[in-house]
Engineer: 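Provided herewith is a single structure, encoded as structure tokens, for subsequent inquiry.
In the text below, chain A, chain B and the rest are named by the order of the sequence lines, each starting its count at 1. Small disclaimer: the values here were computed from a predicted structure and weren't measured.
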Amino acid sequence: MKAGLEVHQQLATRKLFCPCPSELSEEVEGTVRRRLRATGGELRALDPAAAFESALGQSFVYEVVPTSCLVELDEEPPHAINAEALDVALTVALLLHATPIDEILVMRKLVVDGSNTSGFQRTALVAVNGWVEVGGHRVAIDTICLEEDAARKVSETGGEVRYRLDRLGIPLVEVATGPDLTSPEQVREVAQAIGALLRSTQRVRRGIGTIREDLNLSIEGGTRVELKGVQELRLLPKYSREEIARQEMLLRAKEELHRRGAKPPSGGPVDVSDLLRDAGPGPVASSLKKGGVVLAAPLPGFHGLLGRSAEPGPRLGRELADYARSVGVRGILHSDELPSEGVEASHVEAIRHRLSLAPQDAFALVASTDAAQALGALQRVIGRAALAWAGVPPETRDPLPDGTSRYSRPLPGRDRMYPETDVPPVTLSVDHLTALGRRLPERPEETRERIRGQYALSNEVAGVLLREGEADRFEALVRKGHAPALVVRLLTHDLPALAAVPRAEPMSEASETVLDTILTAWEKGQFAKEGVQPMLEGVLVHGRSLVEAASSAGLAPMSRPELEAIVEGVLDRNDALWRARGKAAQSPLMGDVMREVRGRRDGKEVAEVLEKALVRRLEGLGGAR
Amino acid sequence: MGEPTVDPRRKLAKLPTGSEVEITRPDGRTWHGILVPATEFSAENVVVLKLATGYNVGLAITERDVLTVIERARRPRTSKPSGPVAISPPPPATPWVALLTTGGTIASRVDYQTGGVKPVRDEREILESFPALDAEGPVRVVPVFERFSEDIVPSDWVALAEKIGESFRQGARGVVIAHGTDTMGYTAAALSFMVRDPPGPVVLVGAQRSPDRPSSDGFTNLPAAIHLARTGDLGEVVVVMHDGVSDDRFTIHRGSRVRKMHSSRRDAFESRNAPPLGHIEGKRIQLGSEARRPSGSPIRVDTRLDARAALVTYYPGLSPIRLRRFVRADRGLVLAGTGLGHVSRLHIRALRRLITNGLIVAMTTQCLGGGTDPFVYSTGRELVREGVVYLDDLLPETAYAKMLWALGQADDPARVRALLLEDIAGEFVHRRRLEGGP
């Protein structure tokens with residue numbers, strides 16, 4: 001494989017082209033409805049991605065929030081580029097040994113999916129030609145850009161997409177590597193290294209969605225495909241492996257099509273509604289009942305290549321269905337999966353007959369109450385099927401939570417870029433760059449060495465803190481007087497474990513104050529280390545207050561007499577055991593006691609109390625053995 | 001191979017835009033791209049390259065850079081500006097709309113090579129930007145002039161009025177004027193007085209966002225204006241622009257009462273002192289009872305204007321000497337006074353002298369809302385006694401346009417004064433209601 005990464009990191013400055021705060025908001029003040037039209041680029045050619053989106057003819061609704069102004073609404077020209085954000089981007093460039101551009105020019109990148117009210121994303125190339133060292137290898141950093149983040153998609157129903165303006169305009173530093181990455185694990189390591197470097201500026205936003213990766217990947221014989229907006233860094237190796245498997249599947253299909261001597265589909269969709277009137281329950285029957293149509297398209301040479309959904313791994317059938325879905329239909333049925341969904345073998349035969357198919361041919365069906373939509377969907381299926389002869393089509397794909405991805409739109413070309421004439425260029429002076437160079441923040445590897453020595457951490461722990469981006473929080477909490485070992489455990493064990501807790505809402509960001517309070521309570525003995533996890537879960541996942549979280553986790557502090565009473569109770573109930581085994585009974589009894597204590601007292605203290613009580617009882621028997 | 005003996009700056013200066021070049025910097029890095037024009041704010045030695053990624057970068061070139069020309073672009077065709085064009089023979093019997101272009105951004109195309117904005121010249125060009133514009137029937141493009149709206153002068157109003165008359169005489173159902181928004185209110189007011197009893201709508205329309213952006217309001221304003229011109233039961237000069245900041249509702253303003261009230265918002269245009277004439281939503285046109293229907297009388301186009309007049313906003317400290325100097329060569333003066341229509345008492349004697357010498361002085365209010373009234377305060381009473389004409393709630397811009405028109409109609413100051421006070425185009429509101437706010 002050959003892969004490149006684009007890491008997008010939100011900055012904790014004000015917005016890039018207006019003085020609004022870079023904060024998300026849940027308070028919607030009103031809505032605005034807009035339409036967008038693809039316009040020609042500098043070379044008067046319409047970008048394929050932009051044309052595709054424009055053709056969908058959607059209208060967009062924007063939610064106005066207190067953290068937005070007329071600029072986000074495209075009701076006022078952009079202000080000059082945020083100098084502070086530019087300095088952060090330049091600092092990142094210098095940390096990456098890159099060369100800043102003499103005169104920085106803001107461009108408009110055409111994006112008419114509604115995520116930008118203007119119809120374009122403003123972006124500027126800030127520096128080129130850097131590198132970062134990861135695992136002993138130098139990875140090329142081709143470009144460092146400064147751009148504005150897009151609006152946040154809230155919902156999508158029918159022809160209407162709803163966005164919120166809070167995220168629009170938040171500065172993003174984009175770091176793009178060269179196509180140098182050769183293994184799924186390396187993809188993650190490089191992403192982590194770049195992430196650590198970005199965080200070392202101390203001017204980045206934290207939390208879910210504040211850093212996003214685009215993965216560009218191709219395999220030998222394949223084509224560059226872009227997975228856009230991966231939020232979970234740990235899934236990058238999985239996305240890489242899935243994409244490799246998908247491209248391999250597409251190359252196998254290509255080879256087979258050529259071997260069969262099949263020709264790309266030439267015929268258009270055919271109405272087969274009349275053949276399916278007696279179809280059993282399923283999408284076909286329900287569309288026909290509502291007065292809809294079922295259209296069929298021949299897929300010459302595809303028999304057996306589309307795959308069945310029960311089989312694991314990537315399937316060409318799903319690729320075709322993804323193209324159909326982009327015009328709004330629910331999906332397709334194809335002959336490799338039939339009979340099913342109420343379509344019987346006799347129907348399949350009748351359709352094959354009508355389409356005059358040979359045994360090696362397949363077909364696809366789309367059922368819809370909207371004939372034009374069904375036709376559009378099948379035209380896309382036919383278009384995608386024709387691309388199978390070339391192998392891997394260049395695409396932008398959406399990453400899915402299970403590690404696979406879904407087609408979203410054609411890969412954009414350079415025609416989508418033209419100058420943003422509303423923003424004057426920025427000429428970088430040598431003096432300014434020199435000054436930034438003198439003020440460079442500590443590099444991640446320097447931080448790692450420093451905290452390792454300063455707080456007596458192991459090499460491994462210091463490395464984990466850096467990789468997970470927790471070094472600064474670690475230091476802040478230790479400075480508040482917490483024991484380094486406890487802070488390490490909290491940040492590298494208890495907090496990450498929360499990711500596995502099922503939840504409906506995104507987890508709220510663990511603020512330093514919350515962590516400080518939990519650590520303090522822990523150190524005061526209000527609960528033991530076993531209680532840390534339930535406390536974090538209560539506060540961060542379920543949104544409870546610290547007091548509520550403690551009581552719902554059964555972590556109300558336990559007094560020493562309470563603990564002693566529990567110990568005595570356990571000893572009473574296990575009279576025979578300790579009488580028979582003496583001091584050796586302590587370890588089986590410990591489990592019983594801990595179950596009742598449930599983390600409200602430290603394990604070590606519980607062991608002490610238990611031991612003392614046990615010894616006292618054994619002495620009462622006439623001396624310990 | 002480059003030619004290091006030649007200063008790359010001199011070579012670059014001679015290369016046409018669009019040439020493919022390679023520039024090797026002193027640090028050894030080679031930049032490969034297409035030469036595009038630098039911005040107005042670029043430093044002098046900066047050349048701008050468009051890279052394969054689509055990004056533009058500015059490189060500060062010194063004699064130590066090495067230039068290699070990969071492919072020299074051919075010089076772009078320089079197109080000569082088109083002057084006024086006569087309307088070609090009338091089209092088929094289907095109702096058609098004349099689209100007069102003036103150089104405003106709405107009916108312009110962006111030249112990405114030069115970065116300039118050029119007005120469309122014919123139907124083919126406008127249909128490139130607005131593919132569905134003629135879905136309801138033909139639109140004929142008539143370029144009248146090419147000017148930013150801040151460069152428009154009263155003689156341009158004359159050219160427009162003549163083209164409006166010509167279009168209707170050729171059989172147009174309605175006329176749309178694509179106009180820059182900055183002075184669209186002035187042009188609308190002037191045309192309201194110059195073009196009377198039009199047999200169909202005369203619709204001025206503009207865009208607050210240029211059409212090189214996918215979000216341009218022109219993409220929805222222009223079709224709405226064309227729709228009104230083609231089907232609206234209206235016989236007067238109006239402005240059609242966004243009603244709010246959403247793209248789905250448009251307001252029809254009377255040309256003599258409308259004003260641009262915001263520098264950048266889509267809903268910048270407002271009818272002052274009275275509600276607008278109506279709204280457009282989708283294909284539905286809703287017109288209030290105030291809107292003037294076609295009168296049935298033949299259209300009258302009167303292009304006589306006298307531009308010897310001035311519009312002055314009174315401000316604390318404006319001296320009578322400065323004001324007198326300003327209007328030395330003029331026949332008319334429109335004052336945008338304070339509040340109900342006042343200027344400092346220091347001006348009373350100076351104004352008396354000017355009026356005695358034949359200057360026609362009209363008073364409006366810089367409040368832009370509400371009417372003038374000379375009788376509430378003594379200053380007003382004195383001004384009206386000296387012969388200042390109080391124009392009730394006429395907007396200062398409308399009053400200025402009307403002054404030019406009235407001066408063009410008559411020499412006799414008394415007659416001009418009478419014309420100023422006569423309701424010509426429904427420009428006076430007289431009855432102002434609470435609704436709508438200040």
Engineer: Against B:N56, only a single residue in A:I101, A:I104, A:L105 fulfils side chain to side chain contact (heavy atoms under 4.5 Å, CB included); can you say which?
Structural biologist: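 Only one option passes, and that is A:L105.
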Engineer: Please look at A:S118 and chain B and tell me whether the side chain, the backbone, both or neither of the residue comes under 4.5 angstrom of a heavy atom of that chain.
Structural biologist: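 Contact with chain B: backbone and side chain both.
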Engineer: Can A:D74 and B:R266 be counted as an ion pair, charged N to O under 4.0 angstrom?
Structural biologist: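 The answer is yes: the pair qualifies as a salt bridge.
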Engineer: Can you tell me which portion of A:D422 sits under 4.5 Å from chain B's heavy atoms? Options are side chain, backbone, both or neither.
Structural biologist: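 Contact with chain B involves the side chain of A:D422 alone.
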Engineer: For B:V46, is it the side chain, the backbone, both, or neither that has a heavy atom closer than 4.5 Å to a heavy atom of chain A?
Structural biologist: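 It is the side chain, since no backbone atom gets that close.
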Engineer: Looking at side-chain heavy atoms only, is the closest gap between B:T39 and A:P419 below 4.5 Å?
Structural biologist: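 A side-chain contact under 4.5 Å is absent here.
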Engineer: Can you say whether B:R29 sits under 4.5 Å from chain A via the side chain, the backbone, both, or neither, judging by heavy atoms?
Structural biologist: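 Contact with chain A involves the side chain of B:R29 alone.
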Engineer: Please classify the contact of B:D217 with chain A as side chain, backbone, both or neither, using a heavy-atom distance under 4.5 Å.
Structural biologist: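 No part of B:D217 comes within 4.5 Å of chain A.
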Engineer: Hey, what do you get for OG1 (A:T427) to CZ (B:F41), rounding to the nearest 0.5 Å?
Structural biologist: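 With rounding to 0.5 Å, OG1 (A:T427) is 11.5 Å from CZ (B:F41).
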Engineer: Measuring only between side-chain heavy atoms, which start at C-beta, is A:M107 closer than 4.5 Å to B:K50?
Structural biologist: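 Yes; the side chains approach each other to less than 4.5 Å.
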Engineer: Give the C-alpha distance, both sets of side-chain angles, the deciding distance and a yes or no for side-chain hydrogen bond (donor to acceptor under 3.5 Å, both in side chains) between B:S264 and A:E75.
Structural biologist: CA-CA 6 Å; B:S264 63; A:E75 289 294 329; over 6 Å; no
Engineer: Is there a donor-acceptor pair closer than 3.5 Å between any side-chain N or O of A:E103 and the backbone N or O of B:A60?
Structural biologist: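 No.
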Engineer: Quick one: what part of A:T99 sits under 4.5 Å from any heavy atom of chain B, side chain, backbone, both or neither?
Structural biologist: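 For A:T99, the contact with chain B is made by the side chain alone.
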Engineer: Under 6.0 Å from the CD atom of B:E150, do we count more than 12 heavy atoms belonging to anything else shown?
Structural biologist: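 Correct, the count exceeds 12.
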Engineer: Distance check, rounded to the nearest 0.5 Å: B:D248 atom CG versus A:R35 atom CZ?
Structural biologist: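 The distance works out to 8.5 Å.
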Engineer: Can you tell me how far NZ of A:K109 sits from OH of B:Y55, rounded to the nearest 0.5 angstrom?
Structural biologist: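 Those atoms lie 4.0 Å apart.
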Engineer: Heavy-atom distances under 4.5 Å only: say whether A:L70 touches chain B with side chain, backbone, both or neither.
Structural biologist: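 Contact with chain B: side chain only.
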Engineer: Checking B:W31 against A:V128 for the side chain to side chain contact (heavy atoms under 4.5 Å, CB included) test, could you report, in this order, the C-alpha distance in whole Å, the side-chain angles of both residues, the deciding distance, and whether it holds?
Structural biologist: CA-CA 11 Å; B:W31 296 83; A:V128 292; 3.5 Å; yes
Engineer: When rounded to the nearest 0.5 angstrom, what is the spacing between OH in A:Y62 and OG in B:S246?
Structural biologist: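 Reported value, rounded in 0.5 Å steps: 11.0 Å.
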Engineer: To check you understand the geometry: which heavy-atom pair defines the closest contact between B:P214 and A:L110, and what is its length?
Structural biologist: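 Of all heavy-atom pairs spanning B:P214 and A:L110, the closest is CG-CD1, 3.5 Å.
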Engineer: Kindly compute the distance separating CG (A:D142) from OG1 (B:T53), expressed to the nearest 0.5 Å.
Structural biologist: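 Output value for this atom pair is 10.0 Å.
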